[in-house]
Amino acid sequence: MSGIALSTPYLDTDADQLSFTLGRPAHEALAVRDLEIGGIEVQLRLLGASHQVFAGPVRETVACLPGVEGGLPAVAEQDFDDWAYRFAAEVRLYAPAEFSARVARIRAASEEHPRALYGVFPGSPEAVTALTVERQDTGLSWRTWHTYPQSRQIVATHTRLEAR
């Protein structure tokens with residue numbers, strides 16, 4: 001899957017502006033990819049303010065949202081009926097050369113991944129939001145990356161949704 005050249009500038013300009021929420025309705029998306037993995041309907045959504053993943057009972061949003069204070073939890077867990085959900089996030093700052101190398105690896109991995117959606121925002125080929133999803137034992141896992149060339153930060157998230 002090729003990266004999508006997005007024409008809309010990103011709304012979140014710093015990792016600290018991102019917030020994590022569950023259960024939000026669909027926000028206007030710049031790109032959407034619908035998948036079915038192991039009988040579970042999945043929708044990957046690129047937003048101007050980052051991403052949403054809808055999978056089974058989960059509606060995960062990581063974005064810059066009006067009225068929602070920024071800051072991502074290191075870990076968040078919740079049960080949804082017969083499902084266990086676990087979200088983890090990490091924000092890292094890189095030196096210029098390492099940042100560029102990491103973004104190149106994210107883009108290459110997303111390019112090769114059969115269940116990915118990623119977009120490149122205008123202004124820099126290193127301004128990327130990427131999502132990938134995998135079947136795991138009794139559920140799914142997905143990873144996302146949000147890159148910020150102006151601050152050389154990369155936000156990486158990893159989520160697992162498992163049947164109990």
Side-chain angles (χ1 to χ4, degrees), residues 1-4 6 10 12 15-16 18-65 68 70-94 98-99 101-120 126-148 153-164:
M1 121 132 273
S2 295
I4 299 165
L6 303 170
Y10 48 33
D12 52 320
D16 293 339
L18 290 176
S19 62
F20 164 80
T21 59
L22 292 171
R24 284 217 176 253
H27 290 266
E28 185 175 334
L30 303 175
V32 174
R33 182 152 188 213
D34 292 307
L35 301 161
E36 183 177 331
I37 302 169
I40 302 169
E41 297 291 325
V42 177
Q43 187 175 76
L44 305 176
R45 303 172 57 80
L46 287 178
L47 310 177
S50 292
H51 86 262
Q52 288 184 302
V53 175
F54 299 161
V58 171
R59 296 172 80 83
E60 174 187 286
T61 303
V62 172
C64 173
L65 299 170
V68 179
L72 296 174
V75 174
E77 297 178 325
Q78 185 168 329
D79 290 334
F80 293 90
D81 296 323
D82 296 331
W83 297 92
Y85 170 89
R86 184 177 193 280
F87 169 88
E90 179 181 45
V91 179
R92 297 194 64 192
L93 175 66
Y94 295 95
E98 181 65 13
F99 177 83
R102 294 220 178 229
V103 172
R105 284 195 294 272
I106 291 166
R107 289 185 65 167
S110 298
E111 192 74 36
E112 295 172 6
H113 198 286
R115 290 168 302 283
L117 177 64
Y118 82 99
V120 180
E126 293 182 338
V128 173
T129 296
L131 302 89
T132 63
V133 62
E134 298 285 340
R135 177 152 172 78
Q136 297 287 316
D137 303 323
T138 61
L140 302 172
S141 75
W142 57 89
R143 293 183 182 276
T144 73
W145 298 268
H146 305 270
T147 67
Y148 298 93
Q153 293 175 302
I154 298 177
V155 177
T157 74
H158 182 222
T159 302
R160 289 188 59 91
L161 179 65
E162 295 185 61
R164 292 187 291 165

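Atoms considered below: every heavy atom in the structure, side chains included; atoms not considered: hydrogens, waters and symmetry mates.
Residues D81 and R164 are not paired through a salt bridge, judged by the lack of any N-O separation under 4.0 Å between the basic side chain and the carboxylate. With respect to E98 and R105, a salt bridge is recorded, a charged nitrogen being found less than 4.0 Å from a carboxylate O.
Other residues, nucleotides and ligands contribute more than 12 heavy atoms inside 6.0 Å of the CD atom of E36.
The aromatic rings of H146 and H51 lie parallel to each other, with less than 30° between the two planes, well short of the 60° mark.
Looking at S110, its side chain never comes within 3.5 Å of a backbone N or O of Y118 through a donor-acceptor pair. With hydrogens and angles disregarded, a donor-acceptor distance shorter than 3.5 Å links the side chain of Q52 to the backbone of P25. Formation of a donor-acceptor pair under 3.5 Å by the R33 side chain with backbone atoms of A116 is found in this model. The main-chain N or O of H27 is found under 3.5 Å from a side-chain atom of R45 such that the two form a donor-acceptor pair. R115 places a side-chain N or O within donor-acceptor distance of the main-chain N or O of V133, the cut-off being under 3.5 Å. A donor-acceptor pair under 3.5 Å is absent between the side-chain atoms of T138 and the main chain of E162, judged by distance alone.
Side-chain atoms of T157 and T144 form a donor-acceptor pair, as typed in the model, at a separation below 3.5 Å. Side-chain atoms of E60 and Y85 include a donor-acceptor pair closer than 3.5 Å. E134 and H113 share a side-chain donor-acceptor pair at under 3.5 Å.
Rounded to the nearest 0.5 angstrom, L46 CG and L117 CG are separated by 4.0 Å. Considering CG of L140 and CD1 of I37, their distance stands at 5.5 Å, rounded to 0.5 Å.
Pairing each heavy atom of I40 with each of G56, the nearest pair is CG2-N, 3.6 Å. Nearest heavy-atom pair across S50 and T129 is O-CG2, 4.1 Å.
Residues meeting the salt bridge (Lys or Arg N to Asp or Glu O under 4.0 Å) test with R24, sequence neighbours left out: none. Legend: residues meeting side chain to side chain donor-acceptor pair (under 3.5 Å) with R59, ordered by chain and number and at least two apart, are absent.
Using a 4.5 Å heavy-atom threshold, the side chains of V42 and W142 count as separate.
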### Task
Go through the steps to decide whether L161 and S141 satisfy the test side chain to side chain contact (heavy atoms under 4.5 Å, CB included), and finish with yes or no.
CA-CA 6 Å; L161 179 65; S141 75; over 6 Å; no
